[in-house]
Amino acid sequence: MYQLLRPLLFQLDPERAHDLTLGLLRLAGALPPVRGTLRRVFAPQHQSSVEVLGLTFPNSVGLAAGYDKDGLAWRGLSTLGFGHIEVGTVTPRPQAGNPRPRIFRIPEERAVINRMGFPGRGADFVFSQLSSAPRPPSPVILGINIGKNKDTPNAEAARDYLALMEKFAPVVDYFAVNVSSPNTVGLRRLQARDRLEDLLAQLAAARRWSPFPRPILVKLAPDLTDAELDDALGAVMDMGMDGVIATNTTVKRQGLRSPVREENGGLSGAPLRQRSTAMVREIYRRTKGELPIVGVGGIASPEDVQEKLDAGASLVQVYTGLIYRGPGLVREIVEGVRGAG
Ligand SMILES: Cc1cc2nc3c(=O)[nH]c(=O)nc-3n(C[C@H](O)[C@H](O)[C@H](O)COP(=O)(O)O)c2cc1C
C-alpha cells in the first residue's frame, strides 16, 4: 500500500509529509481499535527478544531519534512492530530549529540530508506526551534522546543534559546522550575526551543518586577520526556508560552524486550504511565486545540489519529506510533476520 501512498507523500515538502504521517500515527495511537488493526497488519508474526542494557527488547529493531522528536506519536508508532522507540532529540526549552526548508530527499540515492537543528516543544511538553496516559500494553522499550538548547554554551551543556535526565528518568527505559548532531553549532565538540568525560561524569553521578537509574547510551558521529573515536570510547567506558549508538548522520558527501549534496546538514540513508557499519565493527573491536552497540545508518533490508549485527551491534535502528520503504519495513526486517527476529 505504501507503494501507492509514497508518490503522494513525495509530492509534499518532506517536512510536511513527515508532519502529516506523524499526525496520522498520533491519531491512530489514541484510538484502541485502530491500534489493534495496525498491530495486526504491521507487527511481526515472529520475533526473538534481546536482553541487553538490563532490559528485554521484544526484538532488535528500533526507531531512531528524530522521527518523533516531541513524543507525539510514540503510542501509534509502537503498533508498527518496533522493539524500541527513541523519542527526541528533546531540549530543555522549546526552540524553533533552523529555517525551512531543512529536510531534502534524494530518492535516486535513497538518502536524505537534514539540518533541522533540534526544533521542538521542549521538555515540559514532551514529558506530558510520555506520561499523560499509561504505557500501552506492549513490551516496547521507550528511550529518550537528549540534547542541549542552541543557546546553551558548551561550558554549561551538562546542566541541560542533567535537567533532562532528572525529568525523564521516571517515564523512560533508557537515555541516549546526543553529542553528535551536525546541526547544532559546536555540539560535536562535546565528543572530545575532556569534555565528554566531564559531561558523562556528571551524568553518572546524578544517576547514582537517582531513584530511577536508567541505562545511558552515547550517540556518536560517523565522522570521528580513529583517534577521536578512541577518546570518545575511553570516556564512555571510564565513566561507566552502558553503550553507544553508532551512528548519527554524516557531514561527508562521499559517493553522493545528486546536486542536493551541496545542501548543508547531515546525510542519512543508503550512502551512510557502510561507514556506520565500519564504525560499529571498529567499536566492537576496540571495546573487545564488552560495550553494547546500537547500529544505525542506511538500514533498508534484512541484509542490512544482519550486516550491523555481524559487525557487533546488539540492536539496530532505522529512520531514512522508513521514508523510502514505508512502515512495512519493520515487520520485513524483524521477520527476515536470522538471530534477530
Ligand atoms: C530528518 C532527520 C532528523 C533527525 N533528527 C535526529 C535527532 O533529533 N537526534 C538524533 O540523535 N538523530 C537524529 N537523526 C539521525 C537518525 O537518528 C539516524 O542516526 C541517522 O539518520 C542514520 O540512520 P538512517 O540512515 O536509518 O536514517 C535524524 C535523521 C533525520 C533523517
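Reckoned from all heavy atoms, side chains included, excluding hydrogens, waters and symmetry mates. Residue indices begin at 1 and follow the sequence shown. Computed from a prediction, not measured in an experiment: that's the story for all the values here. Start at 1 and go down the list; that is how both ligands and their atoms are numbered.
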- Within 45° of the axis and under 6.0 Å from the centre of the six-membered ring of Tyr324, does NZ or CZ of Arg6 qualify? no
- Hey, does Ala65 come in under 3.5 Å of ligand 1, counting only N/O atoms on both sides? yes
- Aromatic rings Phe57 and Tyr174: how do their planes relate, parallel, tilted or perpendicular, breaks at 30° and 60°? tilted
- Item | Whether Arg214 side chain and Val172 backbone form a donor-acceptor pair below 3.5 Å | yes
- Verdict with reasoning, Glu86 to Gln317, per side chain to side chain donor-acceptor pair (under 3.5 Å): CA-CA 9 Å; Glu86 194 170 302; Gln317 295 179 336; 2.9 Å; yes
- Task: Go through ligand 1 atom by atom and flag the ones less than 4.0 Å from a non-hydrogen atom of Asn178.
- Result: 9 (N), 10 (C), 11 (O)
- Query: Which part of Asn145 is near ligand 1, with near meaning a heavy atom under 4.0 Å away: side chain, backbone, both or neither?
  - Reply: side chain
- Under 4.0 Å from one or more heavy atoms of Ser268, ligand 1 contributes atoms 21 (O), 25 (O), 27 (O), 31 (C)
- Message: Just checking Asp194: does its CG atom have more than 12 heavy atoms from other residues, nucleotides or ligands closer to it than 6.0 angstrom?
- Response: no
- Message: Quick one about Glu51 and Thr56 (side-chain donor to acceptor, distance below 3.5 Å, no hydrogens or angles considered), yes or no?
- Response: yes
- Query: Gly66 heavy atoms, cut-off 4.0 Å: which ligand 1 atoms fall inside?
  - Reply: 4 (C), 5 (N), 6 (C), 7 (C), 8 (O)
- Task: Taking only heavy atoms of Val296 into account, list the atoms of ligand 1 that are under 4.0 Å away from them.
- Result: 18 (C), 19 (O), 22 (C), 23 (O)
- Query: Just checking, any donor-acceptor pair under 3.5 angstrom between side chains of Ser276 and Lys308?
  - Reply: yes
- Item | Ligand-side contact atoms (ligand 1) for residue partner Gly298, heavy atom cut-off under 4.0 Å | 24 (P), 25 (O), 26 (O)
- Okay, side chain of Arg121, backbone of Gln95: is any donor-acceptor separation there less than 3.5 Å? no
- Thr247 to ligand 1, any heavy atom closer than 4.0 Å: yes
- Report the part of His18 in contact with ligand 1, treating N, CA, C, O as backbone and CB onward as side chain, heavy atoms under 4.0 Å; options are side chain, backbone, both, neither. neither
- Query: Which of the atoms of ligand 1 are close to Lys69, meaning less than 4.0 Å from one of its heavy atoms?
  - Reply: 5 (N), 6 (C), 7 (C), 8 (O)
- Closest to atom 1 (C) of ligand 1 among protein heavy atoms sits Tyr319 OH, 3.4 Å
- Query: Is there a donor-acceptor pair under 3.5 Å between the side chain of Glu332 and the backbone N or O of Pro302?
  - Reply: no
- Item | No-hydrogen, no-angle side-chain donor-acceptor test under 3.5 Å, Thr152 and Arg93 | yes
- Message: Which of the numbered atoms in ligand 1 are under 4.0 angstrom from any heavy atom belonging to Gly269?
- Response: 25 (O)
- Is there any N or O on Thr249 that sits under 3.5 Å from an N or O of ligand 1? no
- Which bit of Leu272 gets closer than 4.0 Å to ligand 1, counting heavy atoms only: side chain, backbone, both or neither? side chain
- Below 6.0 angstrom between ring centroids: does that apply to Tyr67 and Phe82? no
- Residue pair Gln129 / Arg26, side-chain donor-acceptor N/O under 3.5 Å: yes
- Heavy atoms from other residues, nucleotides or ligands near CD of Glu109 exceed 12 (cutoff 6.0 Å): yes
- Query: Short N/O distance, under 3.5 Å, between Met116 and ligand 1?
  - Reply: no
- Query: Can you list the ligand 1 atoms lying under 4.0 Å from a non-hydrogen atom of Gly297?
  - Reply: 22 (C), 23 (O), 25 (O)
- Message: With a heavy-atom distance limit of 4.0 Å, tell me whether Lys219 approaches ligand 1 through its side chain, its backbone, both, or neither.
- Response: side chain
- Message: Any nitrogen or oxygen of Asn114, side chain or backbone, less than 3.5 Å from one on ligand 1?
- Response: no
- Query: Starting from atom 7 (C) of ligand 1, which protein heavy atom do you reach first, and at what distance in Å?
  - Reply: Thr89 OG1, 3.4 Å
- Taking non-hydrogen atoms only, is Asn248 closer than 4.0 angstrom to ligand 1 via side chain, backbone, both or neither? both
- Counting only heavy atoms, which portion of Thr320 has something under 4.0 Å from ligand 1: side chain, backbone, both, or neither? both
